[in-house]
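Quick notes on the structure that follows.
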Amino acid sequence: MIRAYAKINLGLQILRKREDGYHEIETILHPVNICDEISFGRCDDIRVECDHPDVPTDSSNLCCRAAEILQQSLGIKSGVRIRLEKRIPVGAGLGGGSSDAAAVLKHLPRYWQVEVTSALVRELAVSLGTDVSYFLQPGTAKAMGRGEILEYFDFELPYWVVVVHPNVRVSTTWAYQNFRVNPPVKRVDLKKLLVENRTRPNVLVNRLRNDFEPVVFHAHELVMRAKEALYRGGADFALMSGSGSSIFGLFQDDVFAKDVIKLLQDPYQVFLTEPYFMPEDG
């Protein structure tokens with residue numbers, strides 16, 4: 001069984017709209033202990049099965065697309081049945097689909113018993129989506145450009161991380177379409193800010209932001225309420241992940257973290273990650 005872990009965004013800045021229509025961003029990607037599980041089985045063609053009713057199983061599924069472009073790039077005729085057990089919420093800003101696709105790119109060649117270069121895997125990952133290449137290796141990374149330019153760095157998060165999904169799905173495309181870079185906000189060096197103030201959440205509260213929050217909060221009050229609930233429950237810092245809708249809270253006190261989970265687990269989906277968590281490289 002292959003585990004595909006989720007991520008949170010420790011800050012997200014939208015810097016400008018580029019001439020190609022995409023947005024220039026800067027964000028810090030960090031893993032959390034929420035994962036989908038993937039397994040492979042014999043099949044004449046490429047098929048995806050999933051236990052979540054909202055996940056497509058046709059060629060729009062990133063796992064399916066990852067298998068198809070691998071098959072085409074390697075020039076092989078082997079098929080595969082991909083079984084996906086979905087635990088990462090869908091449309092939640094946690095990178096579940098991208099993580100699943102990266103897991104297929106990394107592990108399917110081994111199942112097919114074929115050699116593939118890491119350079120080709122990275123090239124295919126970028127072609128599938130901006131977040132996919134991040135999940136090819138564990139760790140914390142600064143993402144720039146459209147999100148495809150990655151700079152990994154050593155970083156440990158000394159907090160209990162509570163992730164709350166308020167059962168709202170947010171389209172990344174919609175979030176970008178509704179974002180306006182106006183007025184311009186002073187750019188923050190996210191990596192420097194986090195490294196220097198990792199144990200000073202009061203500084204993070206004042207300086208670390210996600211530029212998508214106003215857009216999403218305006219359209220989905222439940223997401224804003226989830227953030228407020230984390231602070232009321234004792235979070236030292238809370239922020240929306242990605243383009244939403246998940247909110248994560250950082251807790252120095254595990255008692256507060258576990259209490260807020262009990263408080264919010266109905267009706268929300270709530271997940272807990274222990275301090276200093278880092279997935280193993282599969």
Side-chain angles (χ1 to χ4, degrees), residues 6-32 92-95 98 125-126 129-137 139-159 161 163 170-220 223-224 226-228 230-231 235-250:
K7 59 79 182 170
I8 53 175
N9 296 75
L10 297 171
L12 193 158
Q13 301 178 109
I14 305 174
L15 306 176
R16 66 183 179 90
K17 190 168 184 179
R18 307 182 339 176
E19 292 181 0
D20 60 8
Y22 291 99
H23 288 78
E24 191 85 13
I25 70 165
E26 182 177 330
T27 186
I28 304 296
L29 305 169
H30 186 80
V32 287
L94 300 173
S98 296
V126 171
T130 52
D131 277 350
V132 178
S133 54
Y134 163 71
F135 291 104
L136 293 177
Q137 68 182 77
T140 305
K142 179 167 76 169
M144 297 160 288
R146 290 189 296 150
E148 82 284 7
I149 303 170
L150 298 170
E151 176 193 333
Y152 287 84
F153 62 98
D154 291 333
F155 184 76
E156 294 181 326
L157 202 56
Y159 300 97
V161 183
V163 175
V170 175
S171 160
T172 300
T173 301
W174 171 88
Y176 274 113
Q177 287 173 345
N178 286 272
F179 177 79
R180 298 291 180 269
V181 190
N182 184 33
V185 180
K186 184 179 179 181
R187 180 175 182 172
V188 176
D189 186 333
L190 295 179
K191 177 182 173 183
K192 185 172 185 286
L193 174 63
L194 284 164
V195 169
E196 293 182 353
N197 299 284
R198 184 185 61 162
T199 59
R200 301 169 66 194
N202 59 310
V203 175
L204 301 182
V205 167
N206 292 320
R207 299 189 59 198
L208 196 60
R209 69 180 193 271
N210 181 334
D211 286 342
F212 279 123
E213 277 195 348
V215 176
V216 176
F217 287 0
H218 178 74
H220 302 285
V223 183
M224 181 176 65
K227 182 175 181 178
E228 293 170 348
L230 283 170
Y231 274 124
D236 296 283
F237 175 80
L239 196 70
M240 190 175 77
S241 181
S243 57
S245 60
S246 292
I247 303 285
F248 66 89
L250 305 182

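Values below: every heavy atom of this structure, side chains too, minus hydrogens, waters and symmetry copies.
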If you take all heavy atoms of [X] and [Y], which pair is closest and at what distance?
X	Y	value
Ala175	Ser243	CB-CB, 3.8 Å
Asn178	Val215	CB-CG1, 3.7 Å
Leu208	Gly11	CD1-CA, 3.8 Å
Val223	Ser245	CG1-O, 3.4 Å
Ser241	Asn210	C-ND2, 4.0 Å
Phe155	Thr140	O-OG1, 3.6 Å

Looking at residues at least two apart in the chain, or sitting in another chain, which of them share a side chain to side chain contact (heavy atoms under 4.5 Å, CB included) with [X]?
X	result
Tyr22	Arg18, Asp20, Arg146
Glu156	Arg198, Tyr276
Val188	Gln13, Leu190, Leu193, Arg207, Arg209

Please name the residue in the list Thr27, Ile28, Asp131 that meets the side-chain contact (heavy atoms from CB on, under 4.5 Å) test with Lys7.
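For Lys7, the side-chain contact (heavy atoms from CB on, under 4.5 Å) check succeeds only for Asp131.
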Any side-chain heavy-atom pair from [X] and [Y] closer than 4.5 angstrom?
X	Y	answer
His30	Leu194	no
Pro31	Phe135	no
Leu94	Ile8	yes
Leu150	Tyr152	yes
Val161	Leu250	yes
Asn202	Phe237	no
Leu15	Ile25	no
Leu239	Lys227	yes

Under the rule for salt bridge (Lys or Arg N to Asp or Glu O under 4.0 Å), what residues qualify as partners of Glu148, not counting sequence neighbours?
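Partners of Glu148 under the salt bridge (Lys or Arg N to Asp or Glu O under 4.0 Å) test: none.
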In Å, rounded to the nearest 0.5 Å, how long is the span from CG of Asp236 to OH of Tyr159?
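Reported to 0.5 Å precision, the distance equals 6.5 Å.
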Point-to-point distance, once rounded to the nearest 0.5 Å, from CG of Asp189 to CD of Glu196:
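The CG atom of Asp189 sits 8.0 Å away from the CD atom of Glu196.
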Can you name the residues that form a ring-ring contact (aromatic ring centres under 6.0 Å, His included) with Phe248, not counting sequence neighbours?
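For Phe248 there are no ring-ring contact (aromatic ring centres under 6.0 Å, His included) partners, ignoring immediate neighbours.
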For Tyr176, give me all partners under ring-ring contact (aromatic ring centres under 6.0 Å, His included), at least two apart in sequence or on another chain.
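Here the qualifying residues are His23, Phe212.
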For Asn206, I'd like to know if atom CG has over 12 heavy atoms of other residues, nucleotides or ligands within 6.0 Å.
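Result for CG/Asn206: enclosed.
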Does Tyr134 use its side chain to pair, donor to acceptor, with the backbone of Lys142 at less than 3.5 Å?
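Flag not set: sc Tyr134 to bb Lys142 has no pair under 3.5 Å.
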Any donor-acceptor pair under 3.5 Å linking the side chain of Asn9 with the backbone of Leu12?
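Checking the backbone N and O of Leu12 against the side chain of Asn9, no donor-acceptor pair under 3.5 Å is found.
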Output yes when Lys17 and Glu24 qualify as a salt bridge under the 4.0 Å nitrogen-oxygen rule, no when they do not.
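Looking at Glu24 together with Lys17, the answer is no, because their closest N to O distance does not fall below 4.0 Å.
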Short N-O contact, Lys191 and Glu26, less than 4.0 angstrom
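No.
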